[in-house]
Amino acid sequence: DMAQALDLAQEARTAGGAVTRNGVTATVNAQGNVVIDFNRPVGAGYVRGQGNAPAPTPATQALVRFDAQGRPYTAYPTLP
């Protein structure tokens, strides 16, 4: 999944817009990073202010960041 996601992110960045493949959409944001929407949970985390026993919040999107040479250097789930 990760190799395909990075390929899709690179394709979206090269195209300068959004690319959809197999129900997964990659979109370039204003900072030049790529947000990938998997339409299914790809991670989970905790949101501040949920009380004493918070439940994990599922993340369906990931952010891919690129270095100065245009290569992806990190990708991580983003919480809503």
Side-chain angles (χ1 to χ4, degrees):
D1 272 359
M2 184 54 79
Q4 291 174 350
L6 291 176
D7 288 345
L8 188 63
Q10 190 71 41
E11 186 178 338
R13 193 161 192 269
T14 300
V19 175
T20 301
R21 191 182 314 138
N22 298 326
V24 176
T25 301
T27 307
V28 180
N29 68 12
Q31 293 77 33
N33 301 313
V34 176
V35 177
I36 301 176
D37 189 348
F38 290 91
N39 293 309
R40 63 178 174 83
V42 293
Y46 294 93
V47 177
R48 184 183 311 214
Q50 288 186 332
N52 292 334
T57 300
T60 60
Q61 296 181 340
L63 181 73
V64 181
R65 301 184 86 177
F66 293 84
D67 65 16
Q69 289 75 39
R71 297 176 302 219
Y73 70 89
T74 189
Y76 50 88
T78 57
L79 296 176

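The analysis underlying the following values was restricted to heavy atoms, covering all of them including side chains, and did not include hydrogens, waters or symmetry mates.
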(message) For Arg71, give me all partners under side-chain hydrogen bond (donor to acceptor under 3.5 Å, both in side chains), at least two apart in sequence or on another chain.
(response) Asp67, Gln69

(message) For the CG atom of Leu6 and the OH atom of Tyr73, what is their distance to the nearest 0.5 Å?
(response) 13.5 Å

(request) Mark yes or no for whether Gln10, through its side chain, and Gly70, through its backbone, hold a donor-acceptor pair below 3.5 Å. (result) yes

(message) To the nearest 0.5 Å, what is the distance between OG1 on Thr60 and CG on Asp37?
(response) 5.0 Å

Donor-acceptor pairs are to be reported for all side-chain atoms of residues 21-29 against protein atoms at under 3.5 Å, with residues two or more places apart or in another chain.
residue: Arg21; atom: NH2; partner: Glu11; partner atom: OE1; Å: 2.1
residue: Thr25; atom: OG1; partner: Thr20; partner atom: OG1; Å: 3.0
residue: Asn29; atom: OD1; partner: Gln31; partner atom: N; Å: 3.0
residue: Asn29; atom: OD1; partner: Gly32; partner atom: N; Å: 3.2
residue: Asn29; atom: OD1; partner: Asn33; partner atom: N; Å: 2.9
residue: Asn29; atom: ND2; partner: Gln31; partner atom: OE1; Å: 3.3

(message) So which atom in Ile36 and which in Ala5 form the shortest heavy-atom distance, rounded to 0.1 Å?
(response) CD1-O, 3.3 Å

(message) Is there a path of hydrophobic side-chain contacts, each under 4.5 Å between heavy atoms, that joins Met2 and Phe38?
(response) yes

(message) Could you report the tightest heavy-atom contact between Gly45 and Leu79, atom names first, then the distance?
(response) N-CD2, 3.7 Å

(request) Using side-chain hydrogen bond (donor to acceptor under 3.5 Å, both in side chains) as the criterion, list what pairs up with Thr57, not counting sequence neighbours. (result) Gln50

(request) Kindly give the heavy-atom pair with the smallest separation between Pro58 and Pro56, and that separation in Å. (result) CD-O, 3.7 Å

(message) Which heavy atom of Ala12 sits nearest to which heavy atom of Val19, and what is that distance?
(response) CA-CG2, 3.6 Å

(request) Give the minimum heavy-atom separation between Arg13 and Val34, together with the two atoms involved. (result) CB-CG2, 4.2 Å

(request) Mind checking the CZ-OG1 spacing from Arg65 to Thr74? Nearest 0.5 Å is all I need. (result) 8.0 Å

